[in-house]
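Structure record follows, encoded as structure tokens.
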Amino acid sequence: MTVIADYIGKSATDNVRLALDAAKNAEQYHALLSLTEERALERAAKVDSGEITGRLAGVPFIAKDNFLTLGGTTTAASHILENFSAPLQATAIERLEAEGAICIGKANLDAFAHGGSTENSAFGPTLNSVDQSRVAGGSSGGSAVVVALEIVPFALGSDTGGSIREPASFNGVVGIKPTYGTVSRYGVVAMASSTDTIGCFTNNAADAELVMDVMAGRDASDMTTLPDFFGPTDVKPGQKVGVIKEFMTDDVDADVRARVHEYIERLKAAGHTVEEVSLPIVKYTLAMYYIIVPAEISSNLARYDGIRYGHRAQASSLAELYGRSRDEGFVAENKRRIMIGSYVLSSGFFDAYYLQAQKARTLLVNEFNALFDTYDILVGPVAPTPAFKLGENTTDPVKMYLADVMTVPASLAGLPAISVPAGNTSEGLPVGIQLIGQRRHDADILALARSMEGNA
Amino acid sequence: MTNYLMTIGIECHVQLATATKLFSPADNDARDKSPNSVVHPIDFGLPGMLPVLNKRAVELAVVAGKAMNAKIANISRFDRKHYFYPDLPNGYQITQMYHPAILAGYVDAPMEDGSTVRVRIHHAHIEMDAGKLTHFGDHSRVDLNRAGTPLIEIVSEPDIHSPQEAKAYAAELHKLMTYAGVTHGDLYHGNMRFDVNISVAPEGATELGKRAEVKNLNSFRSVERAAEYEFHRQVALLEKGERVVQETRGWDDATGKTSSQRSKEDAQDYRYMPDPDIPPIVLTDEEIATIQQGMSVLPPYYRDKWKDLGLDRSVIDSLLSNRSYAELIATIQDKAGDAVAKRVAHWFSSGVSTDENASPEEVKEYTADPFIALAAMVDANELSSTAAKEVFNELLVSDRSPREIAEAKNLLQVSDEGAIAAIVDEVLADPASSKAVEDIRSGNDKAIGFLVGQIMKKSQGKANPALAQKLIRERL
């Protein structure tokens, strides 16, 4: 298992070269869209000369290709940004670089992070790190796989409805989606602004704590960032844990439930109290999510018009230029979401769909808050199944959306949630358990996860 | 014949006088800048960019609200208005559709006949401007310098019923916004633009007629003329039994006509959505009061302050046409009293440009003392009123004192009795004066004016006319 400590105090140039070699040797997984070799080696030389120092000095990492980075392209796995070179970097990248971390490449994703399998990448899917006939999960599939394959000790992802937690679960790594507003979204290609969060993949909870500690904090460039609050902590004894019963129905794979039950037993053995709790509104969360998120997507993707940057189609009129550039530049799932979003925002439907969904979202927040009056942490599976077969869900978008049912509630409520490895199915596929915390209690779920590591 | 009543509502876009744009740190002054030179990645719509609300723009909106006697919302929000156009980089304009910053208020606009029209304000909201597209035959060019410039859009109630009222409202709104420091108010550069909605209906009708919106008027005169033109156009249609189409119309200042641009049938669906990137603006009553405390005084204050000066409405208007004139006269009034203020006020009203299109930067900041000194010289008979006017004009552009100017121009009056007496004797001895002298002696006093005029001429205007008259009377 590769952890950050393995890289500290070593030659940064060696760290980077080994990571680059490992990346090249793992090409068959299609986890990476590009390597930023030249810039990475330049920065490694500066670390080795002592010019760059910090808590992550010389530690290589990989960013999902929707983070703006220097030294290469930022494509969002789309044709419309296929040749786009950013003139600046995301705040999250800047903060990691300020501590000496070195970005060596960009990971594959569903185009514009629309999807849960990385099969919607315009450049082809990423394969699961354990079983190459299966999906990596998504949308941050590439980031999960590069950590699982130990190419780098950590990778960045974005999570709007489960895009970090689900691939973490499918590949057996730790993946955290923090409280909404913990890490600046500045410089990350926007999907749905009200639920987009920035998080990371690591091989243990302690590394996630370190990476989050570096990235978190108020950013003047993102008005939705919260005042600084994140700081690693130790688990408090006797946590009250609630198991969300709506996540443990017969619809959920038996092996997945079995691994979750085992984890629950271990929690009890560690002195925590575990009780079943109910979140009845969960049955409406996918409906809320697939109204609010496409609405914001349709708005956020309006800027990709072929005028100022990105792919521009041949056209003889302005309308044709827009139509063809966007038709050629977006994948089917992008278009589906833009159409749904445009529909729910259109005059006459806005009140019936968008406003209703926002009201329901408030009810969801209230239900979570009521549970947190009694419980410290809520748990359940991350996804109803382990990694599914490539192509298994691609013909039925609704089936694909159903895989998000357990991850979207925390996203809509803005709560921190982590996926931690909970063992494998009988077929050897990884299963993740999801720990959901109260707003701004990110450090508490990480501390609990860390305390549970190594007592499996 | 049917009488028709016109009903007008005006939407006014006011460019806020902030240093930077509404959501980016780019320079907000795009005048005379080369295309796309004041554009931040946020204004450019780069992926991953997020708006950061300019606090100063919010403060100026709060000030603008006070100037319109409006309530300020304790919570207001931003929304996205979507449409595709190359001058709109994000594919949406950030505006306030549902919860505007400025709520109901009113503006009292003085009319030329001395009456006042009260126009209620429905609301005003903060929004960003778009860029500019210029067409060149087979292609178009985009300039994003103006993209993201902060605006407030002031939406009036349909309380206006004549072209004159429309003009008065536009002019008063301009004064209020410039005095409050909300905008530079440069009409030539489009700092304030008016969209005028006009409908006509037969007098006594219970419903308003279909309205036409004349967009992008940038002078008070064009507001008045466009309203006048639309009234006649719409009445003519109704008289012919035709319908007025609800549509957007453009104004051609050269021909004095409006023309159809697009009809309501092509109206776009803007798919308004709350902007999830910008938290609500939350202002407590105390915060609103603090911002408004620092405001400059507004035109109604001056009108009240000057009400006992006996100034004509036109004189007051010309003084108010520029804030620095109004401030100067008010200072003079405080320092030197009503009479001096009135005298200087008249000099200003006839001596300076009150062109509404003049760039504000061209107006010099004046200090009171030289003008008070000039008035004192007139009172002391050191300058004739004609000479004073000449010194005044020089004073506007010179740093010299009025006395230095008067001396340099050789304008000081001669009040030395001996010197004037010599000229008086000379004029009376002149055979050309004999007729006038006879007239005066036979009781026709008017003829004295001719003699004084002769004395002024001989003295090259420097003789004190009152003294000259006194000396003539002593001799005859």
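Note: hydrogens, waters and symmetry copies are ignored here, and every other heavy atom, side chains too, is used. The sequence lines fix the lettering, A, B, ..., with proteins before strands; numbering per chain opens at 1. The structure presented is a predicted model; accordingly, all values stated were derived computationally and were not measured.
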Region of A/D196 in contact with chain B, defined by heavy-atom distances below 4.5 Å: neither
Best-contacting candidate, A/L81, A/L68, A/I307, A/V344, against chain B by heavy atom pairs under 4.5 angstrom: A/L68
Heavy-atom closest pair, residues B/R271 and A/S298: NH1-OG, 4.4 Å
Exam field: side chain A/R185 to backbone B/G48, donor-acceptor pair closer than 3.5 Å: no
Side-chain heavy-atom pair B/S140, A/L318 within 4.5 angstrom cut-off: no
Contacting moiety of B/F44, where chain A heavy atoms sit under 4.5 Å: both
CE on B/M273 to CG on A/L355, rounded to 0.5 Å: 12.0 Å
Residue part contacting chain B, namely of A/L301, when any heavy atom lies under 4.5 Å: neither
Proximal component of B/L144, with respect to chain A [non-hydrogen, under 4.5 Å]: side chain
Chain B contact via A/V188 - which portion, at a heavy-atom distance below 4.5 Å: backbone
Region of A/Y180 in contact with chain B, defined by heavy-atom distances below 4.5 Å: side chain
For chain B, the option from A/R308, A/Q358, A/E296 that forms the most heavy-atom pairs under 4.5 Å: A/R308
Closest contact, heavy atoms only, A/N300 versus B/R80: OD1-NH1, 2.9 Å
Which atoms of A/S342 approach chain B - backbone, side chain, both or neither, heavy atom under 4.5 Å: both
Heavy-atom pair of closest approach, residues B/P276 and A/T224: O-CG2, 3.7 Å
Distance, nearest 0.5 Å, that separates OH of A/Y186 from CG of B/D277: 12.5 Å
Contact summary for B/D269 and A/S347, nearest pair of heavy atoms: OD2-N, 2.8 Å
Choice from A/Y322, A/Y304, A/F349 maximising heavy atom contacts with chain B below 4.5 Å: A/Y322
Among the listed options A/G348, A/G187, A/A190, the residue most often paired with chain B at heavy-atom distances under 4.5 Å: A/G187
NE2/B/H122: more than 12 non-hydrogen atoms of other groups inside 6.0 Å: no
Heavy-atom proximity to chain A below 4.5 Å, by part of B/Y92: side chain
B/P25 portion near chain A, given a 4.5 angstrom heavy-atom threshold: neither
Region of A/A220 in contact with chain B, defined by heavy-atom distances below 4.5 Å: backbone
Residue, of A/F350, A/Y354, A/Y309, that accumulates the most heavy atom pairs under 4.5 Å with chain B: A/Y309
Interface residue of largest heavy-atom contact number with chain A, from B/P47, B/P279, B/G45, under 4.5 Å: B/P47
pair B/P41-A/L88: side-chain heavy atoms closer than 4.5 Å: yes
Crowding at CZ, B/R243 (>12 non-hydrogen neighbours, <6.0 Å): no
Over all atoms of both residues, closest heavy-atom pair of B/L50 and A/S221: CB-O, 3.7 Å
Contact summary for A/M223 and B/I278, nearest pair of heavy atoms: SD-CG2, 4.1 Å
Atom pair OG/CG of A/S299 and B/N90 - distance to nearest 0.5 Å: 8.0 Å
Contacting region of B/Y98 [heavy-atom separation from chain A under 4.5 Å]: side chain
B/Y272 OH: over 12 foreign heavy atoms closer than 6.0 Å: yes
